[in-house]
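Encoded as structure tokens, the structure appears first; notes follow it.
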Amino acid sequence: MEKTRLAGAQSIDRAFDILHLIATASSQGIRLKDISGRTGLPQPTAHRILAKLQERGLIERIRGGARYVIGGELTLLGLSTGVRRFRELAGPTLRELSDEVGDAVFLTVRSGLDTVCADRKIGSYPIQVLSIEIGSRRPLGISANSVAMLSRMPEAEATDILEKNAERLSPFKMPQAVLQERIAVARQRGYVYISQAIVKGSSAIAMPVCDVVGRPIAAISTIAVLSRQSKRRLPSLISLLHKAAENISELSHQEAVKAGSSEKPFPRF
């Protein structure tokens, strides 16, 4: 009986290790042989676990079945109570922002060395860039939203995060020097503009959402085809994002006050 319990616990550990690896891999997914190599599991063992996870909708296969990504079921299960509450809080503002800009907007929060997409609203423009799924994780440093959050952290803290994420950032082929420059520019501007986003032919604008003492608790962004974020339209979009970020920040402060302490930042992820 004891051996059975130990075997069960070991299987859970292995499944969790695989899920965490897939969740923190790039949006292009990860191959079986890489999962096997990084977890130390034999490929047949890893394949059996992957098959069961796929059966339950926790992971999916893309690119002809060669790569694994997080599935929709895990996306919904993976949002913590804090993220769910923050999503509810910011939802109306995010919906209004999407209606105003006409393009997809995203709400992202920090989770350790990662960012997590907490919500996404689709706009009315016929062409939408939906590059991030709700619940998807990326290492801090990739995406306009993560740069926005890093830009409001002390410089030493942001640099430390990039160094810790260096190996995980390498598949995105984004040099550390470029990321550092993006963060420095965002500190000066107060927002992030990336003219060539991860999806080819798209650009992104992001704004940090901060608590009452200026610490980043989240970020919001809009991603669209290049023509939608022209130089002529950019000031208007930045203004709309800034207004939305300020509103979410105020709502989070009010929530913290209701919880009994204006000193404790909300949300707590």
Is there a side-chain contact (heavy atoms from CB on, under 4.5 Å) between S221 and V105 once you walk through the steps?
CA-CA 5 Å; S221 63; V105 297; over 6 Å; no
Go through the steps to decide whether D114 and R168 satisfy the test salt bridge (charged side-chain N to carboxylate O under 4.0 Å, His left out), and finish with yes or no.
CA-CA 10 Å; D114 297 334; R168 297 171 56 215; 2.5 Å; yes
Residue pair R61, R67: steps toward the side-chain contact (heavy atoms from CB on, under 4.5 Å) verdict:
CA-CA 6 Å; R61 298 176 75 173; R67 292 177 177 269; over 6 Å; no
Go through Q229 and S203 one step at a time and tell me if the side-chain hydrogen bond (donor to acceptor under 3.5 Å, both in side chains) criterion holds.
CA-CA 7 Å; Q229 296 186 356; S203 55; 2.8 Å; yes
Passes side-chain contact (heavy atoms from CB on, under 4.5 Å), V199 versus I223? Steps please.
CA-CA 9 Å; V199 175; I223 305 175; 5.9 Å; no
Run the side-chain contact (heavy atoms from CB on, under 4.5 Å) check on T108 and R138 step by step: do they pass?
CA-CA 10 Å; T108 299; R138 286 180 176 170; over 6 Å; no
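Of all non-hydrogen atoms in G141 and V147, the two that sit nearest each other are O-CG2, 4.0 Å. Nearest approach of D103 to Q128, heavy atoms of both residues: C-OE1, 3.4 Å. Annotation for M207 and I238: closest pair CE-O, 3.5 Å, computed over non-hydrogen atoms. Across all their heavy atoms, I132 and F106 have their closest contact at O-CE2, 3.5 Å. Minimum heavy-atom separation, S143 to I194: C-CD1, 4.5 Å. Heavy atoms only, all atoms of each residue included: V116 and S111 are closest at CG2-CB, 3.8 Å.
In summary, R38 and D34 do not engage in a salt bridge, as defined by a charged side-chain N under 4.0 Å from a carboxylate O. The existence of a salt bridge linking R85 and E88 is confirmed by a sub-4.0 Å separation between a basic side-chain nitrogen and an acidic carboxylate oxygen.
Remark: L179 CG to Q176 CD distance equals 6.0 Å, nearest 0.5 Å. Once rounded to the nearest 0.5 Å, the distance linking CG of N165 with CD1 of I161 reads 7.5 Å. Here the CG atom belonging to D119 is positioned 5.0 Å from the CD1 atom belonging to I134, to the nearest 0.5 angstrom. In this structure, NZ in K52 is found 13.0 Å from NE2 in H47, a value given to the nearest 0.5 Å. A distance of 11.5 Å separates OG1 of T93 from CD of E246, quoted to the nearest 0.5 Å. Rounding to the nearest 0.5 Å gives a distance of 4.5 Å between CG of L150 and CD1 of I183.
No continuous path of ILVMFWY side-chain contacts below 4.5 Å connects V129 to V192, so the two sit in separate hydrophobic clusters. Connection of Y193 to V225 is not established within any shared hydrophobic cluster, with ILVMFWY side chains joined at heavy-atom distances below 4.5 Å, either directly or through further cluster members. Tracing side-chain contacts under 4.5 Å through hydrophobic residues (I, L, V, M, F, W, Y), one reaches L234 starting from L240; they form part of the same cluster. A chain of hydrophobic side-chain contacts below 4.5 Å, direct or via other Ile, Leu, Val, Met, Phe, Trp or Tyr residues, connects L140 to V178.
By the 4.5 Å heavy-atom criterion applied to side chains, T39 and R14 are not counted as neighbours. V69 is not listed as a side-chain neighbour of I59, based on a closest heavy-atom distance of 4.5 Å or more. Residues D211 and H253 have side chains not in contact (no heavy-atom distance under 4.5 Å, counting atoms from C-beta outward). Side-chain contact between I220 and V209: present, with at least one pair of heavy atoms (C-beta onward) separated by less than 4.5 Å. Residues E60 and Q54 are not in side-chain contact: their nearest non-hydrogen atoms beyond the backbone lie 4.5 Å or more apart. The closest side-chain heavy-atom distance from R95 to S98 is below 4.5 Å. Within the 4.5 Å cutoff, the side chain of C210 has no heavy atoms near those of the I217 side chain. With contacts defined as side-chain heavy-atom distances shorter than 4.5 Å, the pair L50/I22 qualifies.
Partner E157 forms a salt bridge (Lys or Arg N to Asp or Glu O under 4.0 Å) with one of R152, R110, R215 and no other, that one being R110.
Heavy-atom contacts from other residues, nucleotides or ligands closer than 6.0 Å to CD of E181 number 12 or fewer. Atom CD of Q254 is surrounded by more than 12 heavy atoms from other residues, nucleotides or ligands within 6.0 Å.
Using modelled atom types, one side-chain atom of S146 and one backbone atom of I142 make a donor-acceptor pair closer than 3.5 Å.
Both the sub-6.0 Å distance and the 45° axial angle are satisfied by R228 relative to the ring of Y125.
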